[in-house]
Amino acid sequence: MADIAPMEQIALEPVAQQRMVMALLVSFASLALILSALGIYSVLSYSIAQRTREIGLRMALGAQRGNVLRLVVGGGAGLALLGSQ
C-alpha cells in the first residue's frame, strides 16, 4: 500500500520516458531550424551587401524592381538549394 498514486499518473508512467525523448527531439529540431534560417539569412544579407553597388547601378540604368527582386531572390534560392544538398 506504499505505492498509492492517482490512476492518471499510473497510466502515464509507461510513456513518460518516450515523451521526454520526444520533447528533447522537438526542441533540438526547432533549434536546428532556427539556426539554419539564421544562417541562410546571414549569407543572403552578406551577398546583398556585397552587391549593393551593382543593384544600385542596375536601378539607375532603368531595371525594373521585379527584375532586381528576381535577381536577389534567385540568388537566395540558389544558396538555399545548394545548402540543402
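The basis for the numbers below is simple: all heavy atoms, side chains too, and nothing from hydrogens, waters or symmetry mates.
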Q: Please tell me if the side chains of R58 and N67 come closer than 4.5 Å, counting only heavy atoms from C-beta onward.
A: no
Q. Atom CG in L71, atom CD1 in I48: separation rounded to 0.5 Å?
A. 7.5 Å
Q. Out of curiosity, L25 CG to S27 OG, how far, rounded to the nearest 0.5 Å?
A. 8.0 Å
Q) Roughly how far, to the nearest 0.5 Å, is CD of Q18 from CE of M20? A) 11.0 Å
Q: First locate atom CD1 of I55, then atom CZ of R53, and finally report the distance between them rounded to the nearest 0.5 Å.
A: 13.0 Å
**Q.** Hydrophobic cluster of I34, others only, ordered by chain and residue number, side-chain cut-off 4.5 Å
**A.** none
(Q) Can you tell me if Q17 has over 12 outside heavy atoms packed within less than 6.0 Å of its CD? (A) no
Q: Would you confirm whether S30, through its side chain, and V26, through its main-chain N or O, come within 3.5 Å as a donor-acceptor pair?
A: yes
Q. Out of R65, Q64, E54, which one pairs with M59 under the side-chain contact (heavy atoms from CB on, under 4.5 Å) rule?
A. R65
